[in-house]
Amino acid sequence: MYKFVVTTMTCGGCAAAITRAIQSVDASARVNATPANHSVEIESRLSQGEILALLDDAGYPAQPV
C-alpha cells in the first residue's frame, strides 16, 4: 500500500478525480482518498513512480508519506 499527501485535494470531487485517474490504468486498484486530511492510500499493481505521474497528470501532485 502506498500513502500520499495531496494538498490540492480539497473536496469529494477531487477525491473522485484522483480515484478515476488511478483506476483508469489499474481498474482493480483500491483508492481511499480523504480530503479532510489530504491523505490518499492506494493499493495497486502500479509502482509508486507510476502513481505519482498519474496524480501529477491529473492535476493533483502528491508527496509520498
Q. Is the number of heavy atoms from other residues, nucleotides or ligands under 6.0 Å of E41 CD greater than 12?
A.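 Yes.
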Q.
Using a 4.5 Å cut-off between side-chain heavy atoms of Ile, Leu, Val, Met, Phe, Trp and Tyr, which other residues end up in the same hydrophobic cluster as Y2?
A. F4, V6, M9, I18, I22, V25, V31, V40, I42, L46, I51, L52, L54, L55, Y60
Q. Looking only at heavy atoms, which two atoms of S24 and A21 are closest? And how far apart?
A.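 Scanning both residues, the minimum pair turns out to be OG-O, 2.8 Å.
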Q. What's the shortest heavy-atom distance between P35 and G12, and which atoms?
A. CG-N, 4.1 Å
Q) Pairs in or reaching into residues 28-39: which pass side-chain hydrogen bond (donor to acceptor under 3.5 Å, both in side chains), with residues at least two apart or in two chains? A)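 Qualifying pairs: D26-S28, R30-E43, N37-S39.
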Q.
Between D56 and P61, is there a side-chain heavy-atom distance shorter than 4.5 Å?
A.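 Contact flag for P61/D56 side chains = yes.
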